[in-house]
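The block underneath contains the structure these notes are about, expressed in structure tokens.
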Amino acid sequence: MILSFSDLFKTINKEETHTVEIEMTSIKSRLGDFPIRKKEPVTLTLKNIENDKISIKGEVKLTLDIPCSRCLETVPTAIECSIDKELKIDNGSAVDEDMETTDYLIGFNLDVDKLVYAEILVNWPMKVLCKNDCKGICKVCGTNLNIRECDCQRTELDPRMAAIQDVFNKFKEV
Ligand SMILES: [Zn+2]
Ligand SMILES: [Zn+2]
């Protein structure tokens, strides 16, 4: 949905609150396409500050299906974040100086889906695990080791090598 600042901009210190449904059904990024399993409408409060700034505040709550970093099983992952922005008014349009991607703004129009998308990417979870002691998948045969053990010879490493392996795994899981 597109919200327009045009009216808001006519009255100093005017405040508006909008409750907006998120229209997108998944978050598509270079990491993949993650379905949105649950979403709540976003309540956005827009305020005209002294006629040269607009503040945008709101809360985003949604649940995405993200694969476990170790075993790749789908994990419903709740992401909650706050939107708290101040836009400058410059040459008849609103400008966000803090964000690189500002395609959610066109003149005095705000594309709520695109804003939520940008905020979700910024707040993306560092690591998603189905459970803390997820055993992952066998590197040899691909069996999900949470479900059953396989007979593969997964070489035991000496402790020094294990430390290196740990570092390696950390990189891989990001
Ligand atoms: Zn897992
Ligand atoms: Zn195996």
Side-chain angles (χ1 to χ4, degrees), residues 1-3 17-45 55-87 96-105 110-174:
M1 177 167 175
I2 308 285
L3 293 179
T17 300
H18 300 270
T19 300
V20 182
E21 297 283 345
I22 296 172
E23 286 162 17
M24 57 192 166
T25 54
S26 71
I27 299 287
K28 292 186 180 70
S29 76
R30 62 189 172 83
L31 296 172
D33 188 352
F34 305 93
I36 299 176
R37 176 182 284 249
K38 234 170 69 188
K39 54 190 169 185
E40 287 181 23
V42 184
T43 300
L44 285 179
T45 303
S55 97
I56 306 175
K57 289 192 175 153
E59 301 291 325
V60 177
K61 275 186 200 171
L62 47 78
T63 304
L64 293 175
D65 283 344
I66 302 179
C68 171
S69 303
R70 287 185 199 152
C71 71
L72 305 180
E73 284 294 310
T74 297
V75 186
T77 307
I79 301 183
E80 293 186 18
C81 53
S82 302
I83 295 174
D84 189 354
K85 296 194 153 295
E86 222 171 68
L87 306 179
D96 180 349
E97 291 177 322
D98 299 330
M99 291 264 264
E100 274 177 45
T101 352
T102 55
D103 63 343
Y104 71 89
L105 280 175
L110 168 74
D111 185 324
V112 177
D113 262 31
K114 283 186 176 157
L115 173 62
V116 168
Y117 175 84
E119 291 291 331
I120 292 294
L121 287 196
V122 170
N123 289 282
W124 198 258
M126 291 291 284
K127 181 152 107 180
V128 172
L129 291 177
C130 59
K131 53 187 177 187
N132 280 331
D133 60 348
C134 170
K135 297 192 186 97
I137 49 180
C138 167
K139 291 183 181 73
V140 181
C141 71
T143 294
N144 182 338
L145 299 173
N146 298 310
I147 297 168
R148 65 180 186 86
E149 273 293 327
C150 57
D151 299 324
C152 296
Q153 204 62 48
R154 295 192 299 278
T155 38
E156 297 297 328
L157 298 164
D158 80 42
R160 278 171 310 156
M161 282 306 286
I164 292 168
Q165 182 90 359
D166 253 16
V167 171
F168 173 75
N169 282 336
K170 266 189 202 115
F171 277 109
K172 206 181 55 180
E173 284 170 4
V174 166

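Values below: all heavy atoms of this structure, side chains included; hydrogens, waters and symmetry mates excluded. Start at 1 and go down the list; that is how both ligands and their atoms are numbered.
- Atom-to-atom distance recorded for Glu23:CD and Glu21:CD is 9.0 Å, nearest 0.5 angstrom.
- Considering CG of Leu110 and CG of Leu3, their distance stands at 5.5 Å, rounded to 0.5 Å.
- Angle subtended at the Zn ion (ligand 1) by Cys134 SG and Cys71 SG: 110°, rounded to 10 degrees.
- In this structure, Lys131 places its NZ atom where more than 12 heavy-atom neighbours from other residues, nucleotides or ligands lie under 6.0 Å away.
- Inspection of the environment of the Zn ion (ligand 2) yields the following protein N, O or S atoms under 2.8 Å: Cys138 SG, Cys141 SG, Cys150 SG, Cys152 SG.
- Applying the side chain to side chain contact (heavy atoms under 4.5 Å, CB included) test between Val116 and each of Leu44, Val60, Leu121 identifies Val60 as the sole match.
- Here the straight-line distance linking atom CH2 of Trp124 with atom CD1 of Ile27 works out to 6.5 Å at 0.5 Å rounding.
- Under the 4.5 Å side-chain criterion, counting only non-hydrogen atoms from C-beta, Leu62 is in contact with Ile22.
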